[in-house]
Every structure is written in structure tokens, then in C-alpha cells.
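Have a look at the structure below before the remarks.
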Amino acid sequence: RQLEGGEAATSFSTGMAAISNTLFTLLKPGDRCVSVHDTYGGTNKIFIEFFPKFGIDVSLCDTTDFDRIEAEIAAGCQLLYMESPTNPTCKIMDIERLAKKAHEAGAIVVVDNTFATPINQNPLELGADLVIHSATKYLGGHADALGGAVVGAADKIEEIYHFREINGATLHPEA
């Protein structure tokens, strides 16, 4: 929480647990999510394999075509999901520009900040509502621990915490 400057945070057993719990907390059947092709493989699987089963529509855009991403946001969405830099292609997204457009459309903005870490980028300062980290990577330092985190507004974190609590994706107590 302190590294990202958010009001609250919650932890998870893995980075993918943080991502999936956040997405399934915030989206429901009939909702639409806008994201990009260059997300982490597990995240991409959620978009193309699991969302359709739950009646959640997703539009995946070319990662560097910001005009297309903005057009998809303007067409209506409840959530914009970004990763910057992307994993593993290290493409950079204009978080501030896209977050502004998403908020104009009434969408929640979620940014996976795993590769940048809070040392290099603070998405909340750029307009994101929630920031996700896979602590397994750079935050963990040695790739010898599993974990994930979500940081943001207290009310959203409370919702995500409750979903995590019921689904059991909690961080091991000795981690």
C-alpha cells in the first residue's frame, strides 16, 4: 500500500490469484472489458477462455494502438485492464491517456505494475483505480516466493478482499 500510495491493499497466494480475483470481483455477466493482446499468458487465458463462459465480453486490442483502444473504450466498457510494461514483450502503454478516456466512459482502470514495480512507475498517480503486482517476480527479488497484491481505493479493496476470502486465494501465513 505504501509503495503505491493507495488507501488500502490486500494480498494473495499468487499474482494470478490477484488478477483473477480482481477481475471476477469487478465484472459480471453482460459486462465488457477492454484490454490488449500482450498481457501475461495467464491473464490472456482469462480473457479468451474464461470470460466467455461467464458471459463477460472482452475486446483485445493491439497494445500500441492507443486510438483503437480509446475507440473500444468509447464503445462501452466497465473495466480497462492494462499491463505496462507488458509481460513478456515489454511494450509500454500510455496509462494516463487511456485512464482518462476510461474514466470518461465510467470504467474502472486496473493496471498490472509487476514489471515496472513502484520504484519505476506509480499507476495510481497516472489515473489507475487499482494496481496489481505479482510479488513472485521483482517485488520478491529472488523468484523464490509466491504472492500477489492489489492496491487502491479502500472500498474496492474491501470488495476484492471479500471475494478472495470466500475463494481461498489467501497468502500463506509464513510468506
message: Asp65 vs Asp67, test: side chain to side chain contact (heavy atoms under 4.5 Å, CB included). Steps then yes/no.
response: CA-CA 6 Å; Asp65 187 349; Asp67 291 334; 3.9 Å; yes
Candidate pair Tyr81 and Val58, rule side chain to side chain contact (heavy atoms under 4.5 Å, CB included), full reasoning: CA-CA 10 Å; Tyr81 186 91; Val58 64; over 6 Å; no
message: Please evaluate residues Asn44 and Asp38 with respect to the criterion side chain to side chain contact (heavy atoms under 4.5 Å, CB included), reporting the C-alpha separation (whole Å), side-chain torsions for both, the decisive distance (0.1 Å), and the verdict.
response: CA-CA 8 Å; Asn44 194 269; Asp38 290 298; over 6 Å; no
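Taking CD1 of Ile19 as the start and OG1 of Thr14 as the end, the distance is 8.0 Å to the nearest 0.5 Å. Atom CD1 of Ile108 sits about 6.5 Å away from atom CG of Asp129, to the nearest 0.5 Å. From Asp155, atom CG reaches atom CD1 of Ile160 across 9.5 Å, with rounding to the nearest 0.5 Å.
For the pair Phe51/Asp57, no side-chain contact is recorded, criterion being any heavy-atom separation below 4.5 Å from C-beta on. The closest side-chain heavy-atom distance from Val131 to Val150 is not below 4.5 Å. Looking at Ile46 and Leu23, their side chains come closer than 4.5 Å, going by heavy atoms from C-beta outward. Residues Ser13 and Leu146 form no side-chain contact, since every pair of their non-hydrogen atoms from C-beta on lies 4.5 Å or further apart. Side-chain contact between Glu7 and Ile157: absent, with no pair of heavy atoms (C-beta onward) separated by less than 4.5 Å. Between Asp112 and Thr39, every side-chain heavy-atom pair lies at or beyond the 4.5 Å cut-off. Between Thr64 and Asp62, the closest side-chain pair of non-hydrogen atoms falls below 4.5 Å. Using a 4.5 Å cut-off on side-chain heavy atoms (C-beta onward), Glu83 and Asn113 make no contact.
The local environment of NE2 in His162 is sparse, with at most 12 non-hydrogen atoms from other residues, nucleotides or ligands closer than 6.0 Å. Counting non-hydrogen atoms of neighbouring residues, nucleotides and ligands closer than 6.0 angstrom, the CD1 atom of Ile166 exceeds 12 such neighbours.
Listed by first then second residue, pairs satisfying salt bridge (Lys or Arg N to Asp or Glu O under 4.0 Å) with a partner in residues 39-49 read Lys45-Glu49, not counting sequence neighbours. Every pair passing salt bridge (Lys or Arg N to Asp or Glu O under 4.0 Å) that includes a residue from residues 16-28 is listed here, sequence neighbours excluded: Lys28-Asp31. Applying the salt bridge (Lys or Arg N to Asp or Glu O under 4.0 Å) definition to pairs two or more places apart or across chains, those involving residues 157-168 are Lys156-Glu159. Listed by first then second residue, pairs satisfying side chain to side chain donor-acceptor pair (under 3.5 Å) with a partner in residues 68-79 read Arg32-Glu72, Ser59-Glu72, Arg68-Glu72, Glu70-Arg97, not counting sequence neighbours.
Partners of Phe163 by ring pair (Phe, Tyr, Trp, His ring centres under 6.0 Å), not counting sequence neighbours: none found. With sequence neighbours excluded, the residues forming a side-chain contact (heavy atoms from CB on, under 4.5 Å) with Ala107 are Cys77, Ala102, listed by chain and number. Residues passing the side-chain hydrogen bond (donor to acceptor under 3.5 Å, both in side chains) test with Asn21, sequence neighbours excluded: none. Residues meeting the side-chain contact (heavy atoms from CB on, under 4.5 Å) test with Glu125, sequence neighbours left out: Asn122. In this view, Tyr161 satisfies the ring pair (Phe, Tyr, Trp, His ring centres under 6.0 Å) rule with no residue, not counting sequence neighbours. Residues satisfying the side-chain hydrogen bond (donor to acceptor under 3.5 Å, both in side chains) test with Asp94, not counting sequence neighbours, are none. Residues forming a ring pair (Phe, Tyr, Trp, His ring centres under 6.0 Å) with Phe54 (at least two apart in sequence, or on another chain): Phe24.
Under the 4.5 Å side-chain heavy-atom criterion for Ile, Leu, Val, Met, Phe, Trp and Tyr, Ile132 and Ile92 are members of distinct hydrophobic clusters.
Nearest heavy atom pair, residue Gly127 against residue His103, reads O-CE1, 2.7 Å. The two residues Pro85 and Phe115 make their nearest non-hydrogen contact at O-CB, 3.8 Å. Closest heavy-atom contact between Phe47 and Pro52: O-CD, 3.6 Å. The two residues Leu130 and Leu124 have their closest heavy-atom pair at N-CD2, 4.1 Å.
At least one donor-acceptor pair under 3.5 Å links the side chain of Thr86 to the backbone N or O of Lys91. Looking only at distances, no side-chain donor or acceptor of His133 sits under 3.5 Å from a matching main-chain atom of Ala149. In this structure a side-chain-to-backbone donor-acceptor pair under 3.5 Å is present from Thr114 to Ser134.
With side-chain heavy atoms closer than 4.5 Å counting as contact, directly or through intermediates, the hydrophobic cluster containing Ile73 also holds Val34, Val36, Phe66, Ile69, Leu80, Met82, Met93, Ile95, Leu98, Val109, Val111, Leu126.
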